Structures are given as C-alpha cells and as structure tokens.
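Reviewing the structure listed below.
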Amino acid sequence: MQRNALHVIRSFFMEYNFRDIEQKWQQYWIDNATYKVEVDNNRPKYYVLDMFPYPSGAGLHVGHPLGYIASDIFSRYKRLKGFNVLHPMGYDSYGLPAEQYAIQTGQHPEITTKQNIERYREQMDKIGFSYDWSREVRTCSPDYYKWTQWAFQQMFEHWYCLRADAARPISMLIDIFNEQGNAKVRAAQNETPLFTAEEWKSWDEKRQQEILMNYRIAYLADTKVNFCPKLGCVLANDEVSEGLSVRGGFPVEQCVMRQWSLRVSAYAQRLLDGLDRIDWTESLKETQRNWIGRSEGAEVRFKVKDSDFEFTIFTTRADTMFGVTFMVLAPESELVRCLTTDEQKCAVKDYLEQTKKRTERERITDRQVTGVFSGSYAINPFTGEAVPIWISDYVLAGYGTGAIMAVPAHDSRDYAFAKHFNLPIVPLIEGCDVSKESFDAKEGIVCNSPRQGVTPYCDLSLNGLSVEEAIAATKKYVEAKKLGRVKVNYRLRDAIFSRQRYWGEPFPVYYKDCMPYMIPEECLPLELPEISDFKPTADGNPPLGHAKQWGWNEAEKSLAATADIDNKTIFPLELCTMPGFAGSSAYYLRYMDPHNDKELVSKTANDYWQSVDLYIGGTEHATGHLIYSRFWNKFLFDLDLIVQDEPFQKLINQGMIQGRSNFVYRIIGTNKYVSYNLKNQYETQPIHVNVNIVNNDVLDIEAFRNWMPEYRDAEFVLEDGKYICGWAIEKMSKSMFNVVNPDDIVEKYGADTLRLYEIFLGPLEQSKPWDTNGIDGVHRFLKKLWGLFYAGGNLAVTDAQPTDEELKTLHKTIKKVTHDIESFSFNTAVSAFMICVNELAQQKCAKRAVLEPLLVLLSPFAPHITEELWHAVGNTTSICDAKFPVYDEKFLVESVVKYPISFNGKVRFTLDISATMNKEEIEQTVLANNQTLKFTEGKTPKKVIVVPGKIVNIVL
RNA sequence: GCGGCAUUGGCGUAAUUGGUAGCCGCGCUAGACUUAGGAUCUAGUGACGAAAGUCGUGUAGGUUCGAGUCCUACAUGCCGCACCA
C-alpha cells in the first residue's frame with residue numbers, strides 16, 4: 001500500500017515512465033504524419049529498405065527486429081542530416097506456409113495471412129519505427145500483383161539480343177524472321193533449327209508461336225525440374241538443397257515437366273559484372289559469383305568412329321586434349337540414343353533405368369562409380385585416336401553439353417572412373433605421379449602432348465609450355481582449325497517460374513490450341529479466384545483446377561465459367577501460380593510510387609528515388625531473391641522503364657540472433673532436479689526449461705512447478721538456496737523454449753531499451769546470442785539520461801554556459817557517434833553514449849547547450865525518450881526535424897599529452913608532456929626524467945623512438 | 001575438395017587501424033542507504049603473486065624499436081559452392 005502510494009508520487013514527479021511516453025509519442029507521430037514522405041526536388045533523397053517479412057503464424061521474436069532497428073537508426077540519422085528519406089515497409093504475403101496451413105485446417109490462406117500481417121504490424125508499431133506506412137505494399141494484394149503479372153507479360157513479349165546485350169521486343173524478332181530467317185540472330189535461346197524467311201512465312205500461327213517461344217525471356221518449355229511430391233510442387237534451384245526442399249526438408253525428384261521459366265541465364269554476365277559496382281560484402285558477392293559459376297573454356301567437336309555423327313564437349317582444360325582416354329555422356333543426354341550400338345542396347349537400357357531410380361540425393365550422398373559402355377568410339381581431333389564413349393551419371397546433362405572428354409590423369413572424377421573400369425591413364429605434366437591419384441592442379445610443364453615417338457596427327461605441340469600457356473595455345477588452335485570454339489559457360493540456370501500451387505500470383509495466360517496467350521494488359525490484374533479445396537484435383541491438376549470461374553472469353557475479354565470452356569471462344573486459363581520470388585523481385589520499385597494504377601512506377605518517382613541506397617536483410621536470400629531481383633531490375637532497365645540497372649547500392653546482412661537456452665537437470669528416473677554445480681554428483685539428464693521463468697540463470701521454482709503439469713510435484717536439490725540452471729547457445733526456436741518475444745521486452749523495459757539493447761549486443765553483421773540478462777545495463781543508461789534532466793522531481797535544465805570539460809564530453813561523443821553511425825558500428829555508439837552520460841552525471845551537467853544536442857544525437861537510437869525530453873525542454877516541433885549536431889575540433893584539443901614511456905617495447909610509466917613539444921624536445925624531456933634513469937640503469941639508449949601524440953620507446 | 005569469414009576475461013564485446021590489450025555493459029565481490037531488495041549509490045573485478053613483478057588476444061614461427069592488428073603454416077568453429085568437366 002505504502003509502496004504503491006510512493007510509486008504514484010514518484011511518477012508524478014517525473015520518473016522515467018516509458019509506457020506513457022512511448023504511447024504518447026507514437027500517437028503524436030501518427031497524428032502529425034511525421035514519417036510521411038513525398039518527392040521533394042529541393043532535398044537530396046536517401047532510400048533505406050528492409051527486406052520485407054513473410055508474416056508467419058509465430059509472430060516476431062526478438063531476433064527479427066534487429067535489421068529493422070538498424071535501418072531505422074540510419075533512416076532517422078539521414079533525415080536529421082537533411083535528407084529526404086524513403087523508408088517503407090510491406091509484406092511478402094504469398095507463399096507456401098499459409099497454403100500448407102490451409103490444407104491442414106481448411107482455413108483460407110487469405111484469412112491467416114491477414115491475421116499474421118495484423119500481428120506483425122502490431123508488434124512492429126510497438127518498437128517505434130519511422131516507416132511511411134502509407135506506402136505499404138502486400139504482394140498478395142491485386143493492385144500490387146497487377147504489376148508482377150504485367151512484368152511477366154513484358155518478359156513474354158521480349159527476347160534477349162546478344163548483340164545489343166539487352167532485352168528487345170518480340171515484334172522486332174518477327175520482323176527479322178520475316179526478312180532473313182533466324183541465321184543471323186544472336187540470341188539467348190533454346191535450341192532452334194535454322195530457318196529462312198520463306199520457311200518462316202510459310203508456317204502457320206502455331207508453328208511460328210512455337211519458334212518464338214524458344215526466344216522469349218519468359219518461356220514455356222519442357223524442363224527438367226525439381227519436383228517435390230510432398231509439396232506437390234516444382235521448386236527452383238535455390239529452393240532445393242542437397243536433394244531436399246529448403247522449406248520442409250522433403251525429398252525432391254528430377255523429372256521433365258512443361259513449365260514457365262525466366263531466362264535469367266541470359267543475364268549471367270551482367271549479373272556478374274554488376275557485382276563490381278555495388279557495395280556489398282565480399283562474402284555475399286562471392287556467394288553470387290559461385291552461384292553464377294562462370295567458367296571459361298572451349299567447346300570441341302569429336303567425330304564418332306565409322307559414322308558421320310559428331311558431338312561437342314565442353315572443357316576448361318583444353319591443354320589436356322592429348323590425355324583423353326575415353327568420353328562420357330550424361331545418362332539423360334540425347335546423344336545416348338544416337339551413340340548406343342545394337343550390341344550394347346540392353347546394357348545401356350538397364351543402366352539408364354538403374355540411374356533413373358536413384359534420386360538426386362542418392363547420387364550426391366552415395367558417390368559410387370557407375371557407368372556403361374555405349375559401344376561407340378570417338379576420334380580425338382588432336383591425336384586421331386579412337387577412344388570409347390561411356391555413359392555415367394557423374395556427368396550432368398544440364399551443364400555444358402552433357403558430354404565430356406575424360407582425362408583421368410588430371411581430373412579426379414575421371415580418375416575414379418578409369419580405375420574402376422580399368423581404362424588407360426596418360427599423364428601430361430612433367431614429373432607428376434598419377435599412380436595413386438590424379439593431378440588436378442592447373443600448374444606444371446606440359447609433356448606427352450603429343451607423346452614422343454608417335455607420329456604427330458596435328459601440327460600442334462604443347463610440350464614444354466606451362467598449363468596456362470597450353471590452354472591458350474589450344475584454344476587458339478581450336479578456333480583457327482575450326483575444331484570448335486572458345487566458350488564461356490555459366491552454372492546459373494533459367495529460373496523455373498511455375499508452381500503447382502494456389503496461394504500465389506495467377507499467370508495472366510490462357511491457352512489456345514495448346515499455345516499460351518497473354519490476356520490483354522488492360523484486363524490486369526487477373527485476380528486469384530476463390531476455391532474451397534486447396535489440394536490438387538483428382539486428375540492431378542494444381543488447386544486452381546477447382547476454380548469455378550477459370551476460363552477466358554477472348555472476344556469479351558472477361559473471365560468465364562470453367563464449365564463453359566469450349567476452346568473456341570472460351571479458353572482455359574493457366575492453372576499454375578507464380579513462385580514466392582515473383583512478388584519480391586520489384587517491390588522496392590513499387591514503394592517509390594505505390595498507388596500508381598497506370599505504371600509500376602512513374603518516371604518522376606523513379607528519377608527522384610533512383611534505387612535503394614541501403615538495403616538491410618538476412619543472408620538467406622543471397623542466391624534467391626538477390627539474384628532474381630537484380631535480374632528483374634536489369635530487365636526493366638533494358639526496357640527503359642527505370643534509370644538504374646542495379647537495385648541495391650549498399651547491402652548489409654544483419655547477423656542472426658541466436659537463442660540462449662536454459663536447462664534443468666533431472667535425476668534420471670525421478671522428478672527431482674539438481675542445481676547446475678551439483679549435477680555431477682548424480683546421473684542426470686538435461687531438460688530445456690522456458691527461459692522466461694529463469695532470471696540470471698536462477699530458476700523461478702514456483703513458475704517452474706506451474707509451467708507444465710508434469711513439474712507440479714517437482715523436488716529440487718539447491719545450492720545456496722537457489723536453483724542454478726545450465727545454459728547453451730542454440731537457434732531461437734519454440735522447441736528449445738528459448739524464444740523471447742519483443743512485446744514482453746517492450747512491456748517490461750520499453751521500446752527504447754529494446755532498440756538500444758538489440759544493437760548493443762554486438763556488431764550488426766555478426767551472429768550473437770540474445771541474453772535478456774544484460775538488458776538492465778541499457779535500461780539504467782536511459783534512466784541516468786532522464787536523471788540529467790530531472791532532479792528532485794523537477795526539470796533542472798539551465799541556460800548556463802557549459803564548461804570546457806562538459807563541451808569536450810559532448811563534442812567527443814558527437815564525433816564518435818557520427819563516425820560510428822556512418823560505419824554501421826551501432827554497438828560502439830551506444831557505448832559512447834553511456835560514457836557520455838556517465839561523464840555528464842559526474843560533472844552534474846544540466847545545461848541546455850549540452851543536453852539538447854545530445855538528445856538529437858541519441859534520437860535515432862531512442863526516439864521516444866528523446867522526443868519527450870526534447871519537448872520537456874521547450875521545443876514544440878518533433879525532434880525528427882531537428883538538425884544533427886556537428887562536432888567542433890576546438891573543444892577536443894589537449895594541451896598536455898599522457899605519453900606511455902616504454903623500454904624495449906614494454907610500457908613502464910606515463911609522462912605528461914606538453915602537446916606543443918616537438919620530437920627532440922620530447923626525447924630530451926623523457927631522457928632527463930628521473931623515472932627514465934631508473935630503467936636505463938646508467939646505460940646509453942641505443943635508440944629512442946618518439947611518435948608524437950602516441951608513444952615513446954627507448955631501446956636499450 | 002574449393003572459396004570466404006572468424007577465434008580476445010566467467011559472458012556479450014572494445015581497441016583511434018602497427019603504438020599503454022580488456023573501453024562499455026552483464027555477472028561476480030565488498031561496502032553504503034534500507035523493515036526489505038531482483039531498487040539506488042560507492043569501490044573492486046584477465047591470470048599467478050603478500051608485494052615488486054611476471055605472464056597474457058586459438059597454436060607455432062616470422063617481420064618490426066613496437067604485433068590482438070601485418071606475413072607463413074597449423075588447429076578449431078561458422079557460412080557459401082560442390083560429380084559444374
């Protein structure tokens with residue numbers, strides 16, 4: 001009772017009451033539209049973007065907001081520096097989890113998605129972000145996905161011209177075909193036979209459409225895909241890892257299906273080159289380079305012995321032409337059919353069936369050497385020798401030409417194969433030993449090329465050259481003699497764009513005579529229809545097969561009943577939907593102009609905002625989203641729709657926040673629990689305990705008993721009257737009972753404390769564990785700051801002139817914090833604030849001239865408390881519109897420097913020396929000093945090193 | 001296997017970029033105020049040592065007047081790619 005009364009009186013006398021303060025200013029910011037931004041040509045722009053979240057059912061845990069807090073600090077900082085800051089947020093709200101949930105519960109994904117978004121919003125709002133919510137986008141909303149569909153149609157209507165190195169309209173391609181056929185067209189394309197203008201003109205609509213399909217950037221083709229039966233769905237390469245789906249971890253099979261794909265591979269070189277012009281971490285760029293997988297090499301044609309047939313292989317080791325002892329085809333290669341002889345037909349058939357049964361996962365994990373001889377031989381164009389052509393699954397159909405020349409001496413995979421099937425091995429590097437393993441390194445001097453004593457078959461000798469020289473010489477020879485060509489290969493494949501799923505963007509496509517046609521642009525968006533059953537249809541079609549209104553009336557340009565599809569006036573619509581990455585590929589452009597119903601983004605808005613200056617998000621999108629959106633952006637750039645060809649200038653990956661789990665130790669077979677330091681005296685088993693009922697590793701025993709029924713009668717073996725828990729750093733997850741909810745932290749300590757603590761934990765980019773135990777430190781800091789303003793319950797700020805000491809404290813903080821924000825070292829900035837407030841408290845400084853700039857400096861980090869104090873000292877406009885203070889060097893200069901004096905590198909004492917002294921004066925002062933004489937012991941120093949302002953080292 | 005990053009007190013981390021290692025915070029110890037303390041304040045807190053001092057930034061070398069920082073090798077951990085010819 002007494003305590004309550006005291007509390008009331010105290011808060012009346014202005015204690016730091018974060019709950020009231022934070023609520024009050026959050027409302028003020030809404031009421032005053034503080035965070036609304038518009039194009040303003042009088043101010044420089046700055047665009048700060050967070051990777052928008054997929055709103056999952058679990059809500060945010062304390063790890064999620066880290067990146068948002070960092071971007072918010074930087075946004076607020078830039079605004080105080082005079083920039084017009086675009087800082088939007090939205091939701092990546094199409095995707096698998098909501099649909100899986102729908103299948104399990106019958107709950108429509110739209111409903112769960114809406115609920116999850118509301119929950120996310122509620123949680124984010126409590127943290128005090130400076131988002132302009134009027135610009136919110138949701139990928140599942142029709143006025144947004146209209147532009148996803150529109151972009152897809154543009155990709156359908158364009159092809160990739162290798163001469164222009166850019167996307168060009170299909171209409172242009174048709175003109176070329178009409179005039180000269182396709183012989184001179186250089187395009188990123190699927191395999192297409194040559195044809196003349198006459199042939200082209202003679203073909204009917206369908207045949208022409210089929211040809212054009214080979215050139216389109218969004219194209220429909222039979223593709224070898226990753227199919228996940230458990231998800232009932234095809235997945236892109238980045239959605240599969242080691243033969244398992246990234247989401248769910250279900251097995252993935254390879255099969256051929258007719259699918260939409262995006263010709264991302266056409267952009268491979270530009271995606272690679274672009275990396276050199278953007279400010280991303282080296283590791284992320286490296287990941288992208290790996291994923292793009294550029295390799296320079298040569299394609300060489302091999303004739304088949306006793307046949308007119310020939311085929312092409314790709315190699316990066318052209319220097320090893322003279323060591324080829326066999327050839328290998330991928331089992332899926334078309335060549336297998338052509339090159340298998342009658343005698344080998346059965347054996348080959350058996351082998352193909354056997355490999356087909358093996359899943360990709362088996363092929364990866366269990367690398368046994370398998371293969372079969374095709375019966376044919378190939379003629380090495382450099383030696384004239386005939387070498388056997390084998391078939392093996394260690395060669396991939398999708399890379400290069402699906403066929404290789406095997407050089408067992410210098411390739412470990414070929415080596416394993418040769419050993420297994422007892423094929424010859426010819427070493428080509430002087431002095432290399434290939435009796436036990438192959439010599440794969442690209443170094444050494446080439447020999448045996450050609451072998452001594454053998455009559456040369458061609459006029460090329462590589463003997464005596466280095467590997468590097470030999471590769472170059474061979475490439476030159478291949479080109480000159482027209483044996484093949486120099487070729488660059490990329491690992492990056494086209495992105496499969498169809499998903500046999502409901503909860504995604506519908507394709508704005510209908511089918512006439514089995515060929516796809518785009519529904520007219522003015523009819524977009526094609527809205528996702530309602531369905532009641534989210535599973536595939538009985539005949540194996542995607543869930544959209546259940547839709548009642550899923551036909552297209554071509555003449556009336558309108559939706560029609562599925563039942564009325566007659567393939568004359570009413571045609572079937574595409575049943576697949578787009579994948580998750582579709583909606584996230586251009587959302588950063590839409591934020592620039594989110595309500596425009598005429599264009600994805602207006603020229604005016606795009607000219608002003610350009611591209612994202614700072615992008616913050618997790619590293620898990622390194623090969624998916626960050627490749628696709630760069631591709632998407634470059635495509636739109638080719639069409640002259642946007643002005644920048646790289647979407648994200650600077651990118652920072654925030655580190656993962658791990659969980660800190662707590663354990664209790666149960667004596668095996670009992671309901672008795674032993675405190676941490678006594679556990680070794682018993683046979684115990686560690687059990688995860690909810691971290692929210694543990695404080696500083698001390699278990700709240702009552703809460704533990706109430707946590708779960710099985711612990712109601714738990715007994716304890718205590719130490720010093722307490723139960724101490726063990727701990728471990730693990731992923732933050734429900735099952736480990738280590739999830740900490742930001743709402744709880746905000747409730748207990750306030751949003752400003754949460755914000756400060758999240759970034760105080762350590763460097764932004766580093767993974768680090770969340771440990772609520774440390775949070776008191778930053779909370780205390782805010783209370784101390786509050787205490788500078790209020791003494792004895794009254795506002796104590798004066799207009800007195802600050803002392804030099806106080807100004808020094810302020811200005812060194814301004815200097816450090818400014819530098820730290822610019823270099824995204826927020827944790828050290830918080831530390832600088834703490835030092836500053838500690839010093840000001842020591843100095844009993846309550847002077848406006850010091851405290852006001854400090855508030856502005858701190859406001860990006862702790863916007864609520866600073867806004868409150870800002871108004872308390874008499875300001876009437878938001879602190880968001882203040883000016884960021886600039887430090888003045890004159891307050892920082894020292895008249896005396898404390899020099900560490902070291903002998904042979906070991907510091908022995910310090911000496912105060914005037915800052916104006918030069919090297920010689922310092923040296924003399926130090927050498928004359930009594931303490932120095934003690935350490936020199938009468939010896940004459942060999943050398944004295946004086947670094948002005950830093951250190952003195954005396955070498956004896 | 002290839003590539004990238006990291007390794008500092010009991011814990012999270014800091015170090016002006018080659019110049020006094022351990023700032024700031026947690027935790028811990030002692031004390032003050034208090035009926036009380038999971039409040040507040042004060043002092044201490046890398047290891048060994050009574051002290052002087054010695055040792056100390058994953059390990060072993062090297063460069064330097066001087067190395068947590070640069071170089072070489074190794075170990076451990078994390079991440080990416082991986083039968084890509």
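Reminder, nothing fancy here: chain letters follow the sequence lines and each chain counts from 1. This structure is a prediction, so every number in the text was calculated from the model and none was measured.
A tilted orientation is assigned to the rings of A:Tyr16 and A:His779, their planes being inclined by 30° to 60°. Relative orientation of the A:Phe909 and A:Phe935 rings is parallel, given thresholds of 30° and 60° on the angle between their planes. A:Phe439 and A:His410 have perpendicular rings, their planes meeting at more than 60° on a 0 to 90° scale where under 30° would count as parallel. Using cut-offs of 30° and 60° on the angle between ring planes, the pair A:His625 and A:His621 is perpendicular.
Note: A:Phe326 and A:Phe417 meet the aromatic proximity criterion, with ring centroids under 6.0 Å apart.
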Write out a two-atom table: protein N or O, nucleotide N or O from nucleotides 25-29 of chain B, distance below 3.5 Å.
residue, atom, partner, partner atom, Å
B:rG25, OP1, A:Asn838, ND2, 3.2
B:rC26, OP1, A:Arg780, NE, 3.2
B:rC26, OP1, A:Arg780, NH2, 2.3

Under-3.5 Å N/O pairs linking protein and nucleotides 69-74 of chain B:
none

Might you list the N or O atoms of the protein lying below 3.5 Å from N or O atoms in nucleotides 64-67 of chain B, with each pair's distance?
residue, atom, partner, partner atom, Å
B:rC65, O2', A:Asn953, ND2, 3.0
B:rC65, O2, A:Asn953, ND2, 2.6

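Comparing the same atom, C1', in B:rC83 and in B:rG18 gives a spacing of 46 Å after rounding to whole Å. Nucleotides B:rG38 and B:rG22 have their P atoms positioned 33 Å apart, rounded to a whole Å. Spacing of P atoms, B:rU69 relative to B:rG58, comes out at 8 Å, to the nearest Å. Comparing B:rA15 with B:rC70, their P atoms are spaced 14 Å from each other, to the whole Å. Remark: the separation of the P atoms in B:rG10 and B:rG61 is 24 Å, to the nearest Å. When the C1' atom is used for both B:rU20 and B:rG66, the distance is 12 Å, rounded to whole Å. Across B:rG62 and B:rC81, the matching P atoms stand 40 Å from one another, rounded to whole Å. The gap from the C1' atom of B:rU8 to that of B:rU76 amounts to 15 Å, rounded to the nearest Å.
For residues 291-302 of chain A, proximity to RNA chain B is found at A:Trp291, A:Ser295, defined as any non-hydrogen atom under 4.0 angstrom from a strand atom.
Here the P atom of nucleotide B:rU16 and the CD atom of A:Glu889 are 17 Å apart, to the nearest Å. If you measure from atom CZ of A:Phe826 to atom C1' of B:rA14, you get 17 Å, rounded to the nearest angstrom. If you take CG of A:Asp411 and P of B:rC2, they are 14 Å apart, rounded to a whole angstrom. The distance between atom CD of A:Gln288 and atom C1' of B:rA82, rounded to the nearest whole Å, is 18 Å. Whole-Å rounding puts the A:Ile657 CD1 to B:rG12 P distance at 14 Å. Atom CD of A:Glu286 is separated from atom C1' of B:rA6 by 17 Å (rounded to the nearest Å). In this structure, CZ of A:Arg491 is placed 13 Å from P of B:rG80, rounded to the nearest angstrom. Taking atom OH on A:Tyr676 and atom P on B:rG10, their separation rounds to 14 Å, with Å as the unit.
Phosphate proximity of B:rC2 to A:Asn290: absent, as no side-chain N or O sits under 4.0 Å from OP1 or OP2. Considering only side-chain N and O atoms, A:Tyr399 lies under 4.0 angstrom from the phosphate OP1 or OP2 of B:rA85.
A:Lys748 comes within 4.0 angstrom of a base, heavy atoms only. The residue A:Asp440 sits apart from the nucleic acid: no heavy atom pair falls under 4.0 Å. Residue A:Ser412 is classed as having no contact, given no heavy-atom separation below 4.0 Å to the nucleic acid.
When the options A:Val324, A:Ile425, A:Val426 are evaluated for a side-chain contact (heavy atoms from CB on, under 4.5 Å) with A:Val407, the one that passes is A:Val324.
Both A:Met405 and A:Gln842 lie near RNA chain B, and the one whose nearest nucleotide falls closer to the 5' end is A:Gln842.
Taking the ring centre of A:Trp291 as origin, the terminal cationic atom of A:Arg491 falls inside the region bounded by 6.0 Å and 45° from the ring axis.
Atom NZ in A:Lys784 sits 8.5 Å away from atom CE in A:Met834 (nearest 0.5 Å).
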Taking Watson-Crick (N1-N3 plus N6-O4 or O6-N4) and G-U wobble (N1-O2, O6-N3), each under 3.5 Å, can you produce the dot-bracket string of RNA chain B? Use [ ] for crossing pairs and | for inter-strand ones.
(((((((..(((......[....)))((((((.......))))))(((....)))..(((((..]....))))))))))))....
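Residues meeting the salt bridge (Lys or Arg N to Asp or Glu O under 4.0 Å) test with A:Glu443, sequence neighbours left out: none.
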